Each structure stands twice: as C-alpha cells, then as structure tokens.
Amino acid sequence: MDAPEEPLPPVIYTMENKPIVTCAGDQNLFTSIYPTLSQQLPREPMEWRRSYGRAPKMIHLESNFVQFKEELLPKEGNKALLTFPFLHIYWTECCDTEVYKATVKDDLTKWQNVLKAHSSVDWLIVVVENDAKKKNKTNILPRTSIVDKIRNDFCNKQSDRCVVLSDPLKDSSRTQESWNAFLTKLRTLLLMSFTKNLGKFEDDMRTLREKRTEPGWSFCEYFMVQEELAFVFEMLQQFEDALVQYDELDALFSQYVVNFGAGGVKSFCHSSAVRW
C-alpha cells in the first residue's frame, strides 16, 4: 500500500454524521495512516446482532476520526449519540526503550486517566511497527517487548486492547495481513460500543415515552430524542429502522393531538421538561 503523493491535511475533521472515534498519541502518525484507514474500514461488512429478538443485519461501518480532546467526552447526563465518541484510539510507533519510559508511558497514563474519569471504557492502543525507522534507532527493544510492556502497564487482563500494525504504508502480504487483523479488531470494538450505547439510549427513550401521561411531559422534547435515534440509524444506512422511528412519532403525535383536543393534555411543549 503506497503512500499517496498529494500532501495530507494536518488534522482530520468532518461534519458528517458518522460514529465518532477519537485519536490520541502521535497525530502525524495517524495522519499518514488515515487515507488507507478511511478507505479500508467500510469495505468489509459486520454482522450487527441486536436485542429484543430483532434479526441480525450486515452493516458497513464508517467513522469520523477526530483528535482526542477531553471536552469531547460526554458530560454526566448528556445522552446524545450523534456527538458521542464510541471509541478512543492511542497511536504510537515507539520502539525505543528510553523514549517509552520518558514520554510515551506518561502520555498513555494521562490519556487513560482522563478516560477513567469520564467512565469511558472503549479504547484501543495501536503500536505501529516501522522497519525503516527501527534501523535508525539505538536502545530499541524487539517490537514484542514494547507491546508486552504496554500490555503489562495499561491493559491488565485486556491484552487484546493493544494491537500491532506492521508497516502500514507498504505493499506486502505481511502488511495486508496486519491491516486485516487490525481492521477486524477495530470494527468489532466499534460495533460493541455502538450496540451497548444505542441499547442504553433506546431504554432511556422508552422510559421517557412511558411518562407521557404525567404532568409536564413534552412531546416536543420527546420528538427530538426519537428523531436523534432516526438520525443514528441513517448514520448506519439502516433506513428502514429510521423510517420506523418517524412512523412511531406520527402515531404518537396523532394520539397526542386527540388527547389535547379532549382536554387530556394541557401543554404541547412544556418548558420544564427534561432535556436530553
């Protein structure tokens, strides 16, 4: 896989509705890998198994990769999915013992502490192996030793949360095998996080809907919640599921209008309603 000839953008940000993935660590490293990553990620479909007896579906995952910043992490009570970072990745190509001890280890510690403070448990550490860079280094450890150090220091019993990507810009069978293993891991973690957080969102939405007969309940506020769910399904190109959300909202709205006309509902949009 040859590196593209045109210059790469310094930072990768888009405003498209795609699952957000944050990137910490070596930003130049990530920027060099991003063109291949963005092309390869959606190529192979993943089976999406959901709860409540719904049939599994094959989906192609894409992501909006952004630079990691603490302010991107959701604050307590914020349940929005379109701005939710589903996975956090730390990128490094460190192969030098002294560099690892002096900078990378401290940087990884700070990154993990921030994630823990926000109860973010969906993360991955990617060690990029570059043979050309190794040849110019002294004090290097074998790649497996650096990976073992990271796993011992940060992964505890989750050793699979540290993966190796070998010479990602080369065009070789070894590189392709490495990409395939990495992409499978990335898709799996993304889908696990997405399924978990979407399930929680749907549970909270159902709880909110069940309160519709209580004083102060706002259809306008509820509409925005279920509409966001529709946007999320659109983001995954699950258009039938997105349309179901609008059908349910249409039915709920019709019933709400009937109740409003009969005097059973005193407010259409209540200012004190709980905000998502």
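Source: prediction; values computed, not measured.
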Within the structure provided, determine whether [X] and [Y] are in side-chain contact (heavy-atom separation under 4.5 Å).
X    : Y    : value
N180 : Q40  : no
F68  : V114 : yes
L229 : L198 : yes
L37  : W179 : yes
F201 : D204 : no
T22  : I89  : no
I59  : L191 : yes
Q237 : H60  : no

Checking the side chain of [X] only, and the main-chain atoms of [Y] only, is there a donor and an acceptor separated by less than 3.5 Å?
X    : Y    : answer
S63  : F65  : no
S193 : L190 : no
E228 : L82  : yes
D96  : E98  : yes
S178 : R174 : no
D250 : Y246 : no
N152 : D148 : yes
R187 : L41  : yes
R49  : P56  : no

[X], [atom1] atom: more than 12 neighbouring heavy atoms under 6.0 Å:
X    : atom1 : value
E47  : CD    : yes
K211 : NZ    : no
K105 : NZ    : no

Show the nearest heavy-atom pair for residues [X] and [Y], with the distance to one decimal.
X    : Y    : answer
A230 : A242 : O-CB, 3.5 Å
C95  : I146 : CA-CG1, 4.1 Å
L72  : Q67  : CD1-O, 3.4 Å
P42  : E62  : CB-CG, 3.6 Å
L73  : S120 : CD2-OG, 3.9 Å
L252 : Y222 : CD2-CE2, 3.5 Å

Assess, by modelled atom type and distance only, whether the side chains of [X] and [Y] contain a donor and an acceptor separated by less than 3.5 Å.
X    : Y    : answer
H118 : E70  : yes
T109 : N113 : no
D153 : Y100 : yes
T175 : S172 : yes
Q245 : E227 : no

First locate atom [atom1] of [X], then atom [atom2] of [Y], and finally report the distance between them rounded to the nearest 0.5 Å.
X    : Y    : atom1 : atom2 : answer
L165 : K185 : CG    : NZ    : 14.5 Å
S145 : I150 : OG    : CD1   : 11.5 Å
T36  : Y34  : OG1   : OH    : 11.0 Å
M224 : S218 : CE    : OG    : 9.5 Å
T83  : N64  : OG1   : CG    : 11.5 Å
D167 : Q176 : CG    : CD    : 13.0 Å

Transitive ILVMFWY side-chain link F231 to F223, under 4.5 Å: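 In one cluster: yes.
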
Under 4.5 Å between side-chain heavy atoms, counting indirect links through other Ile/Leu/Val/Met/Phe/Trp/Tyr residues: same cluster for V121 and F154 or not? no

Between [X] and [Y], is the gap from one ring center to the other below 6.0 Å?
X    : Y    : value
F84  : F86  : yes
W123 : Y90  : no
F239 : F233 : no

Which class fits the ring pair F194 and W48: parallel under 30°, tilted 30 to 60°, perpendicular over 60°?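 It falls in the perpendicular class, over 60°.
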
Given the rule in the side chain to side chain contact (heavy atoms under 4.5 Å, CB included) test, do V128 and T92 qualify, once you have shown the distances and angles that lead to the verdict? CA-CA 6 Å; V128 175; T92 181; over 6 Å; no

Which residue is it: E248, E221, E202? I am looking for the one with a salt bridge (charged side-chain N to carboxylate O under 4.0 Å, His left out) to R209. E248

Name the residue from V104, L29, N28 that meets the side chain to side chain contact (heavy atoms under 4.5 Å, CB included) definition with E93. L29

Begin from the C-alpha positions of M58 and M46 and carry the test side chain to side chain contact (heavy atoms under 4.5 Å, CB included) through to its verdict. CA-CA 5 Å; M58 302 302 292; M46 289 286 287; 5.9 Å; no

Between I125 and V163, is a side chain to side chain contact (heavy atoms under 4.5 Å, CB included) present by the stated rule, with each step listed? CA-CA 6 Å; I125 300 170; V163 298; over 6 Å; no

Any salt bridge between D122 and K196, counting N to O under 4.0 Å? yes

Decide, yes or no, whether a salt bridge links R206 with D203 under the criterion of side-chain N to carboxylate O below 4.0 Å. yes

For Q27 and W91, what are the C-alpha separation, side-chain angles and deciding distance, and is it a side chain to side chain contact (heavy atoms under 4.5 Å, CB included)? CA-CA 8 Å; Q27 296 298 317; W91 298 84; over 6 Å; no

